[in-house]
Amino acid sequence: MIPGRFAGRVAVITGGASGIGLAIARRFVAEGGHVVANDIAPERVAELQAELGASGLAVVGDVTREEDVALLFETALERFGAVDASFHVAGANRGGYIARMVEADWDFTVDLCLKGVMFAMKHAAQAMMKTGKGAMVNIASLNAHVPMHAGAAYSAAKAGVEMLTKNGALELTPGGIRVNAILPGLVQTPLTKRLFDNPDVHAAFMERIPQGRAAQPEEIAAPALFLASDDASYVSGASLLVDGAWAVSGYPDMRPWRN
Ligand SMILES: NC(=O)c1ccc[n+]([C@@H]2O[C@H](COP(=O)([O-])OP(=O)(O)OC[C@H]3O[C@@H](n4cnc5c(N)ncnc54)[C@H](O)[C@@H]3O)[C@@H](O)[C@H]2O)c1
């Protein structure tokens, strides 16, 4: 915790009502900033609004709908006057093997994880161009680099997020807007609950992760906030692995637990 680091600053967060997004929201506010977050889950949005109080706004929205994303950034500008940081976190996975890929599962995953980030970057860019400064942090995944069984759509989308980050840095850094990505390994959130509930699957993951445990969402929020802070003033176009050294040991063979 760095008290006052984000005093007077405003962050937008997509998927801010759970897991990594919620940890980012809590820490940004704890360090003095204001937060405007969206999420597709109305009951979680209501809980987040109650928690944020006057420190922020939580709104229901779907990152795959451009009008919802545009409204999120308009809301931030109207309520707080600027967007200094934007964290693009919303994501989920509908798995499927390539040989049996269901088009609707592919579209769900790629639209949410890739198109949703592109819409957020577009509207974050327009908001930040008003002041000529800002920092975006895209949440990709270790799966941008490492495939997983039945994870083609998710891994391809996350690899796309990494390239969107580089393209964003190329286009926007000259205008004072930094764009970076975080590639988390395994993080204990509602998204990964199934892995933690199955002792065999959990053990297979732990065997591969040199740090011997999953991250807590706060351990992803900390480097995300670093990338949004002035301490990262010369960092743009970077991909930061936050994975307990998992990338250097490889992914477990998930075939025994997939049908
Ligand atoms: N948990 C992990 O191990 C892990 C690892 C690598 C990357 N990630 C990525 O981190 C991000 C956050 O994941 P998490 O683990 O915190 O998951 P989570 O399920 O706890 O939180 C994701 C939030 O996004 C929201 N969301 C889903 N679809 C949305 C949509 N269309 N529009 C707006 N909001 C939507 C959900 O309601 C949820 O509140 C995701 O992009 C995920 O792919 C997670």
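Atoms within each ligand, like the ligands themselves, are counted from 1 in listed order. Positions are given from 1 along the sequence.
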Ligand-residue contact atoms, ligand 1 with Thr192, heavy atoms, under 4.0 Å: 1 (N), 2 (C), 3 (O)
With a cut-off of 6.0 Å (strictly less than), are more than 12 heavy atoms of other residues, nucleotides or ligands near CD of Glu67? yes
What I'd like to find out is whether the side chain of Met136 reaches to under 4.5 Å of the side chain of Leu172, using heavy atoms alone. yes
Are Glu218 and Arg26 close enough for a salt bridge, meaning some N to O gap below 4.0 Å? no
Any side-chain heavy atom of Phe119 sitting closer than 4.5 Å to one from Thr64? no
Flag the pair Leu48 / Asp39 as yes when at least one side-chain heavy-atom distance between them is below 4.5 Å, and no otherwise. no
Heavy-atom contacts with Gly19 under 4.0 Å: which atoms of ligand 1 show up? List them by number with element. 16 (O), 20 (O)
Hey, are the side chains of Asp243 and Leu183 touching, using non-hydrogen atoms and a 4.5 Å cut-off? no
How far is atom 14 (P) of ligand 1 from its nearest protein heavy atom, and which residue and atom name does that atom have? Thr189 OG1, 3.5 Å
Suppose I only count heavy atoms of Ala90 and a 4.0 Å limit; which atoms of ligand 1 are within that range? 24 (O), 33 (C), 34 (N), 35 (C), 41 (O)
Checking a contact table here: which protein heavy atom is nearest atom 40 (C) of ligand 1, and how many Å away? Val89 O, 3.1 Å
Check whether more than 12 heavy atoms from other residues, nucleotides or ligands sit under 6.0 Å from atom CE of Met129, and answer yes or no. no
Using a 4.5 Å cut-off on heavy atoms from C-beta on, say whether the side chain of Leu240 contacts that of Asn180. no
Looking only at protein heavy atoms, which one is nearest to atom 13 (O) of ligand 1, and how far off is it? Leu191 CD2, 3.8 Å
Quick look: Asn143 vs ligand 1, heavy-atom contacts under 4.0 Å, and the answer is neither
Starting from atom 18 (P) of ligand 1, what is the nearest protein heavy atom, named by residue and atom, and what distance separates them? Ser18 OG, 3.6 Å
Is there a side-chain contact between Val161 and Leu114 (heavy atoms, below 4.5 Å)? yes
Among all protein heavy atoms in this structure, tell me which lies nearest to atom 16 (O) of ligand 1, with the distance rounded to 0.1 Å. Ile20 N, 2.8 Å
Please list, in number order, the atoms of ligand 1 under 4.0 Å from a heavy atom of Asp62. 30 (C), 31 (N), 32 (N)
Any idea which protein heavy atom is nearest atom 36 (C) of ligand 1, and the distance to it? Asp39 OD1, 3.4 Å
Of Ala140, Ala41, Ser141, Gly185, the one whose closest heavy atom lies nearest atom 4 (C) of ligand 1 is Gly185
Which of the listed options, Asn38, Ile40, Leu22, holds the heavy atom that is closest to atom 34 (N) of ligand 1? Ile40
Within a radius of less than 6.0 Å around CZ of Arg194, do more than 12 heavy atoms belonging to other residues, nucleotides or ligands occur? no
Per atom 33 (C) of ligand 1, closest listed option by heavy atom (Gly61, Ala215, Gly91, Pro217): Gly61
Heavy-atom pairs closer than 4.0 Å: do any link ligand 1 to the side chain of Gln188, the backbone, both, or neither? neither
Which option out of Thr14, Val187, Leu72 puts a heavy atom nearest to atom 2 (C) of ligand 1? Val187
Can you tell me the protein heavy atom closest to atom 24 (O) of ligand 1 and the distance? Gly15 CA, 3.6 Å
Atom 38 (C) of ligand 1: the protein heavy-atom neighbour that sits closest, reported with distance to 0.1 Å: Arg44 NH1, 3.1 Å
Does a donor on one side chain sit under 3.5 Å from an acceptor on the other, for His123 and Glu66? yes
Ligand 1 N/O within reach of Tyr154 N/O, cut-off under 3.5 Å: yes
Numbered atoms and elements of ligand 1 in range of Leu112, under 4.0 angstrom, heavy atoms: 28 (N), 29 (C), 30 (C), 31 (N)
Check whether any N or O atom of Val63, backbone or side chain, sits under 3.5 Å from an N or O atom of ligand 1, and answer yes or no. yes
Please list, in number order, the atoms of ligand 1 under 4.0 Å from a heavy atom of Ile139. 9 (C), 10 (O), 11 (C)
Minimum side-chain heavy-atom gap Leu22-Pro217 below 4.5 Å: no
Less than 4.5 Å apart, any side-chain heavy atom of Leu186 and any of Phe196? yes
